[in-house]
Each structure stands twice: as C-alpha cells, then as structure tokens.
Amino acid sequence: MVLIDFSIYPIGKGESLSRYVSRAVDIIARSKLSYKVGPMGTTIEGAWDDLFGVVKKCFNEMKKDCHRIDFHIKGDYRKGRRGAIQTKVQSVEKRLRQPIKK
C-alpha cells in the first residue's frame with residue numbers, strides 16, 4: 001500500500017478556497033479509500049493506481065473552472081504495510097508517551 005499526502009487548489013480565485021478544496025475532498029471520500037483531511041492537505045492510503053486515479057479525478061474536476069492549479073503530492077511506500085494513516089501517528093505518540101494534539 002502507498003500513503004500520499006495530497007493538496008490541490010486553484011490560484012487566482014481569492015482568499016477562501018474551501019469551495020474548491022471541498023470538491024476534491026468529496027471525490028476522495030467517494031473513492032472509498034482510507035483518508036484523513038488536515039488543514040494543509042489530505043492523507044490518502046491505497047494501491048498506487050487507485051490513488052493516482054483519485055488524484056486525476058480531482059485535477060479534472062478542478063480544471064473545469066480553474067485556469068491555474070497548484071497541487072502537491074508527497075508519498076510513502078512500505079511493502080506489506082496497511083493502516084499507516086493511524087500507525088505512523090501512533091508510533092510517534094508511543095515515543096512521546098502522550099497523545100499528539102489533534
């Protein structure tokens with residue numbers, strides 16, 4: 001499984017971009033992949049082709065009415081790993097001996 005941190009938003013559409021970002025999050029949610037929305041991006045876990053299929057859908061949706069789009073993808077692959085959205089955070093919490101502020 002692959003874990004990506006993904007953000008996509010238009011440039012030149014004003015200060016508040018939530019109406020555009022929410023369209024991408026809706027696509028991600030409908031994908032049935034495991035995901036977690038954060039303030040600066042969304043972490044998604046799945047098979048390579050599934051993840052990049054979702055990224056492509058988000059891009060195609062955004063370009064319908066946005067002439068310039070900024071997007072960032074950061075990824076992590078570890079053979080045999082599942083549930084990394086939770087386990088990576090839990091590993092840090094274990095070392096800190098306390099929960100991370102959410």
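The figures here come from the full heavy-atom set of this structure, side chains too, leaving out hydrogens, waters and symmetry mates.
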> Salt-bridge test for Arg23 and Asp65: reply yes if a basic N is under 4.0 Å from a carboxylate O, no otherwise.
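The answer is yes: the pair qualifies as a salt bridge.
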
> Mark yes when over 12 heavy atoms from residues, nucleotides or ligands other than Arg82 sit less than 6.0 Å from its CZ; otherwise mark no.
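Count not over threshold, so no.
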
> Do Val54 and Cys58 come close enough that some side-chain heavy atom pair is under 4.5 Å?
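Yes, at least one pair of side-chain atoms sits under 4.5 Å.
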
> Considering only heavy atoms from C-beta outward, does the side chain of Tyr20 approach that of Cys66 to under 4.5 Å?
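A side-chain contact under 4.5 Å exists here.
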
> Just how far is it from atom NZ of Lys88 to atom CZ of Arg78, taken to the nearest 0.5 Å?
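Between Lys88 NZ and Arg78 CZ, I get 7.5 Å after rounding to 0.5 Å.
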
> Which residue pairs satisfy the salt bridge (Lys or Arg N to Asp or Glu O under 4.0 Å) criterion with at least one member in residues 36-54, sequence neighbours excluded?
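Passing the test, one end in residues 36-54: no pairs.
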
> Has Lys13 got more than 12 heavy atoms of other residues, nucleotides or ligands less than 6.0 Å from its NZ?
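Yes, NZ of Lys13 has more than 12 neighbouring heavy atoms, counting only those of other groups under 6.0 Å.
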
> Ile69 vs Ile11, test: side-chain contact (heavy atoms from CB on, under 4.5 Å). Steps then yes/no.
CA-CA 6 Å; Ile69 302 165; Ile11 296 176; over 6 Å; no

> Mind checking whether Pro10 and Met62 have side chains closer than 4.5 Å, heavy atoms only?
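In short, these two side chains touch, coming nearer than 4.5 Å.
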
> Is there a path of hydrophobic side-chain contacts, each under 4.5 Å between heavy atoms of I/L/V/M/F/W/Y residues, joining Ile28 to Leu17?
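Same cluster.
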
> Hey, does Arg68 have a side-chain heavy atom less than 4.5 Å from the side chain of Lys63?
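No - every pair of side-chain heavy atoms lies 4.5 Å or more apart.
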
> Applying side-chain contact (heavy atoms from CB on, under 4.5 Å) between Ile4 and each of Val55, Asp76, Thr43, report the one that passes.
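By the side-chain contact (heavy atoms from CB on, under 4.5 Å) criterion, Ile4 pairs with just one of Val55, Asp76, Thr43: Val55.
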
> Would Ile85 and Phe6 show up in the same hydrophobic cluster when neighbours are defined by side-chain heavy atoms closer than 4.5 Å?
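No, Ile85 does not connect to Phe6 through the hydrophobic network.
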
> Distance from Tyr35 atom OH to Leu51 atom CG, nearest 0.5 Å?
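These two atoms lie 14.0 Å from each other.
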
> Taking Ile44 as the starting point, is it possible to reach Val89 by hopping between hydrophobic residues whose side chains are less than 4.5 Å apart?
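Val89 and Ile44: separate clusters.
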
> Could you give the distance from OG1 (Thr87) to NZ (Lys94), rounded to the nearest 0.5 Å?
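Taking OG1 in Thr87 and NZ in Lys94, the distance rounds to 12.0 Å.
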
> Mind checking what makes ring pair (Phe, Tyr, Trp, His ring centres under 6.0 Å) contact with Phe52, not counting sequence neighbours?
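By the ring pair (Phe, Tyr, Trp, His ring centres under 6.0 Å) rule, Phe52 matches Trp48.
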
> Tell me, do Val21 and Ile8 make a side-chain contact under 4.5 Å, heavy atoms counted?
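Val21 vs Ile8: side chains apart.
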
> Any side-chain heavy atom of Asp5 sitting closer than 4.5 Å to one from Ile73?
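Heavy-atom side-chain distance check fails, nothing below 4.5 Å.
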
